[in-house]
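Comments concern the structure below.
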Amino acid sequence: MQKKRLLSIGVVSLLFVVIYFGINQIWPIVGIDWKETFYPAARAVLEGKSPYLVPTLRNAPWTILLLLPFALFSETAGGILFFIVSFGLYAWTAYRLKASRIALAVFLLSPPVVYGLRMLNVDVFVLIGFTLPASIGLFFVLIKPQMGIAMIPFWLVKAYQQGGVKQAVQTFMPVTIALALSFLLFGNWLSGKQADLLVSFWNASLWPWAIPIGVVLLALALRDLRDDFAMAASPFLSPYLAYHSWVGVLAGLIRHDFEFMIAVGAMWFVAALKALGFA
């Protein structure tokens with residue numbers, strides 16, 4: 001048994017080293033958001049400064065707390081470690097969402113996940129929030145509301161149905177206090193940081209044309225208390241959405257193999273059209 005354990009540790013360690021140096025080879029074209037936003041913001045916090053000195057940081061301040069361990073390393077080493085952990089978290093989230101084995105594999109090879117890993121953004125934290133109890137998950141979905149804001153009314157209605165006003169207040173009190181404290185500490189950290197997003201070339205939102213889809217999904221989520229519909233609704237309601245953030249829709253579909261495979265296949269078809277210059 002001891003030999004098997006040592007062998008397993010050796011194999012995992014070797015695999016980690018191979019993956020680390022493999023990612024290092026493509027690092028010049030990977031990690032744009034890490035290099036431009038999240039690493040500088042996390043380093044600012046470690047140096048006792050405000051993360052919002054980095055003008056491209058638009059996320060709730062507790063986002064940086066999740067990134068601090070990676071910022072203890074150099075930009076490259078920390079970024080590669082974050083890449084590896086993010087990949088593992090994508091897989092873990094798919095498992096938590098009860099994906100079949102084939103759906104899990106396809107999910108990890110889907111365009112939003114591949115592109116999200118290339119940009120090295122924080123979408124995976126929102127996905128984790130989908131799998132957590134509401135009082136904790138709210139912190140995660142508010143990291144990127146364009147990905148998860150529909151979960152807020154879903155969790156509110158669910159809490160109310162489970163325990164009335166008292167349960168709803170208990171569920172939402174922690175994140176409400178945290179938001180209030182964040183504005184006291186950092187001022188209005190949202191001020192002046194959103195208008196440019198709407199005209200950004202990164203904006204892959206279908207707003208306002210997709211609003212009816214989002215409204216229907218949210219209505220079904222609230223009527224039937226279906227979290228998969230709530231997960232999928234937010235991207236259709238947001239006026240700004242980076243391409244990799246469409247992964248939230250895949251999270252909502254991942255338990256339904258047939259529909260999920262069609263969605264991922266269609267995404268790869270669109271990606272091919274873009275690559276060939278037809279879109």
Side-chain angles (χ1 to χ4, degrees), residues 19-20 22-44 51-52 54-60 62-64 66-71 73-94 106-130 140-148 193-194 196-207 234-235 238-251 263-264 267-268 270-275 279:
I19 293 173
Y20 182 94
I23 298 170
N24 188 58
Q25 295 302 305
I26 61 172
W27 185 248
I29 61 170
V30 172
I32 296 171
D33 289 337
W34 170 256
K35 297 168 186 173
E36 294 183 354
T37 300
F38 297 112
Y39 184 73
R43 288 301 307 176
Y52 296 104
V54 179
T56 51
L57 180 67
R58 299 177 170 92
N59 309 88
W62 49 83
T63 309
I64 301 303
L66 300 170
L67 299 173
L68 288 181
F70 305 102
F73 301 91
S74 68
E75 179 189 84
T76 299
I80 293 173
L81 290 173
F82 182 43
F83 183 104
I84 294 170
V85 170
S86 293
F87 183 83
L89 290 175
Y90 274 118
W92 182 79
T93 303
V106 171
F107 177 72
L108 294 176
L109 295 173
S110 67
V113 171
V114 171
Y115 191 60
L117 288 170
R118 187 210 165 201
M119 299 301 293
L120 212 49
N121 207 285
V122 292
D123 303 68
V124 71
F125 294 148
V126 182
L127 295 183
I128 291 172
F130 292 161
F140 286 80
V141 299
L142 286 178
I143 286 173
K144 297 191 76 170
Q146 63 269 37
M147 272 186 68
K193 291 178 176 286
Q194 307 301 318
D196 62 314
L197 292 177
L198 301 181
V199 295
S200 168
F201 70 94
W202 295 113
N203 192 354
S205 170
L206 300 177
W207 195 89
S234 296
S238 175
Y240 169 78
L241 196 76
Y243 178 68
H244 43 78
S245 294
W246 281 100
V247 72
V249 174
L250 294 184
V264 173
M267 284 182 169
W268 274 118
V270 173
L273 290 179
K274 289 282 288 184

Audit row: Tyr115, Val247, side chain to side chain contact (heavy atoms under 4.5 Å, CB included) steps and yes/no: CA-CA 10 Å; Tyr115 191 60; Val247 72; over 6 Å; no

Stepwise side chain to side chain contact (heavy atoms under 4.5 Å, CB included) check, Leu241 with Trp207: CA-CA 9 Å; Leu241 196 76; Trp207 195 89; over 6 Å; no

Test log, rule side chain to side chain contact (heavy atoms under 4.5 Å, CB included), inputs Lys35 and Leu120: CA-CA 9 Å; Lys35 297 168 186 173; Leu120 212 49; over 6 Å; no

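Few gaps surround OH on Tyr20; more than 12 heavy atoms of other groups in view lie less than 6.0 Å from it.
In this structure a side-chain-to-backbone donor-acceptor pair under 3.5 Å is present from Trp34 to Glu75. The closest donor-acceptor contact from the side chain of Asn59 to the backbone of Ile143 lies under 3.5 Å.
Taking each heavy atom of Leu142 and Ala60 in turn, the nearest pair found is O-CB, 4.1 Å. What you find for Ser238 and Ser205 is that their closest heavy atoms are O-OG, 2.5 Å. Nearest approach of Ala251 to Leu127, heavy atoms of both residues: CB-CD2, 3.9 Å. Scanning both residues, Ser110 and Val264, for their nearest heavy atoms gives CB-CG1, 4.0 Å. Taking each heavy atom of Ala263 and Leu250 in turn, the nearest pair found is CB-CD2, 4.1 Å. Among all heavy-atom pairs drawn from Val54 and Thr37, the shortest one is CG1-O, 3.9 Å.
With sequence neighbours excluded, the residues satisfying side chain to side chain contact (heavy atoms under 4.5 Å, CB included) with Trp92 are Arg96, Ile128, Thr131.
Rounded to the nearest 0.5 angstrom, Ile23 CD1 and Ile84 CD1 are separated by 4.0 Å. Distance check, rounded to the nearest 0.5 Å: NZ of Lys144 to OG of Ser245 gives 3.0 Å. Between atom CZ of residue Phe38 and atom CG of residue Leu57 there is a gap of 6.5 Å, rounded to the nearest 0.5 Å. Between atom CZ of residue Phe82 and atom CG of residue Leu66 there is a gap of 8.5 Å, rounded to the nearest 0.5 Å. Expressed to the nearest 0.5 Å, how far OH of Tyr39 lies from OG1 of Thr76 amounts to 8.5 Å.
Within the 4.5 Å cutoff, no side-chain heavy atoms of Pro111 are placed close to those of Trp246. Contact check for His244 versus Leu117: no side-chain heavy atoms found under the 4.5 Å cut-off. The shortest side-chain heavy-atom distance between Phe125 and Leu89 falls under the 4.5 Å cut-off. Side-chain contact check for Val85 versus Phe70: some heavy-atom pair is nearer than 4.5 Å. Phe130 has its side chain out of reach of Thr93: every pair of non-hydrogen atoms, C-beta onward, lies at least 4.5 Å apart. Considering only heavy atoms from C-beta on, Met119 comes within 4.5 Å of Trp202 through its side chain.
When each of Asn121, Val122, Asp123 is tested with Asp33 by the rule side chain to side chain contact (heavy atoms under 4.5 Å, CB included), just one qualifies, namely Asn121.
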